[in-house]
Protein chains: 2
Amino acid sequence: MKQIDVCLTPELLYQHKIDNSIVVVVDIFRATSCMVTGFAYGVQSIIPVASIEECVQLRDKGYYAAAERNGMTPEGFDLDNSPFSYMNEKFAGSTIAVTTTNGTLAITKSRAAVKVMIGSFLNLEALTQYLRNQQYDILVLCAGWKGKPNLEDTLFAGALVDRLQNEFMISEDAAMMAQRLYAGAKNDMLGFVANSSHVRRLHRLGIHKDISYCLQHDLYDVLPVLRGNQLVAM
Amino acid sequence: MKQIDVCLTPELLYQHKIDNSIVVVVDIFRATSCMVTGFAYGVQSIIPVASIEECVQLRDKGYYAAAERNGMTPEGFDLDNSPFSYMNEKFAGSTIAVTTTNGTLAITKSRAAVKVMIGSFLNLEALTQYLRNQQYDILVLCAGWKGKPNLEDTLFAGALVDRLQNEFMISEDAAMMAQRLYAGAKNDMLGFVANSSHVRRLHRLGIHKDISYCLQHDLYDVLPVLRGNQLVAM
């Protein structure tokens, strides 16, 4: 039977064989929530890059550019790391270069997979419907925070495990733990994550509405996938 | 304020500064449950070693020796990795050399800490009472399974976090996740871990009663601590 597993941080990715798996990368606050929002608003492609410098180079070539480090936007970029900054019709049909503290690193580390997809609560049901019929194993890769596991990415992993539990075997403890955490959280997501380290960081940065937005389920019928070095909507 | 944090696998220990912390090592199924049981039955000291070879060398020097690899006992050892094998009065006052798949490695990786202690549900309350009055931060180090996080060690971490939440700050998500998992599990520990990967492995090995035993809370007033290269009861 096909398996679904969860990797709680990119630091542990080496423990997983991914060359026969679809990897779903998640960075709820806020990289993958931003990407899904961008595609929902018509962005044509997103180029995830590891460094600020690469992002600047692509901006100088004429792409829109979005950057985030430690929850903040360095100067001179077109978008910040708020999903609301992606809700702008000037980006429709365009390409955006993106670098974030954790999210883009998780994507670049996953290139050996059959397919790399982008997950968020915003496109959870679209992902579920698509993955249900795939013949590959699934690994949910949590971007975490600077190499450590975090609550919100683990909750998303648990949500996806929960929705796919009839089609995929849950054989590893990380997947079970994520599923059980989500079961305890799903009726009050905002309350459950209120004390998480990242939400405290975001609150310090004054970004309350991003948090509520990123926890909303099933807003968009969007399936971002990595093609070459670009993310596009399937 | 003093902090309590959780490291879900020794592979992530490098992310934690432990030179001002007490590290509590946990390997519920079954290394640390065995050690606590041994001390409760009068064992004088336990020498954790990384390899089977070192364990054999100590046996040849006249120590009792216990070994486990992949849940099974190699031939020629005095004890296996069942806590019941430690309930033998011939070991009272003696020293036992122990090597296990995950537990002893976690102990040897923690030597930079102020103090390395051994945790299990069996001595949870004894640990709680002792740690409550300490001035150091606490890190619960889950031995996991071959580098991956596991359910039972995470549950123990959550139990200790829960009992110490008034005296220690919980600032990292791993500690929060462990605490919340434990909150959902504590009224039916056996049911909660029934599908975990390790319990399935142990069931295949026919070791049902070890599982129930290791999940019992607060049986022994025992505080094993690393002194030099030996564990002794404080």
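Each chain gets a letter, A, B and so on, in the order its sequence line appears, and its residues count up from 1. All figures in this text were calculated on a predicted structure; none of them were measured in a lab.
Remark: A:Q15 CD to B:E11 CD distance equals 5.5 Å, nearest 0.5 Å.
Formation of a donor-acceptor pair under 3.5 Å by the B:R180 side chain with backbone atoms of A:F192 is found in this model. A donor-acceptor pair under 3.5 Å is absent between the side-chain atoms of A:D173 and the main chain of B:N150, judged by distance alone.
More than 12 heavy atoms of other residues, nucleotides or ligands lie within 6.0 Å of CZ in A:F84, so this atom counts as buried by the packing criterion. By the neighbour-count criterion of 12 heavy atoms within 6.0 Å, atom OH of A:Y136 is sparsely surrounded, having that number or fewer from other residues, nucleotides or ligands.
Considering only heavy-atom pairs separated by less than 4.5 Å from chain A, the leading option among B:M176, B:E172, B:K148, B:E152 is B:K148. The candidate with the highest count of non-hydrogen atom pairs below 4.5 Å against chain B, out of A:I170, A:L155, A:L12, is A:L12.
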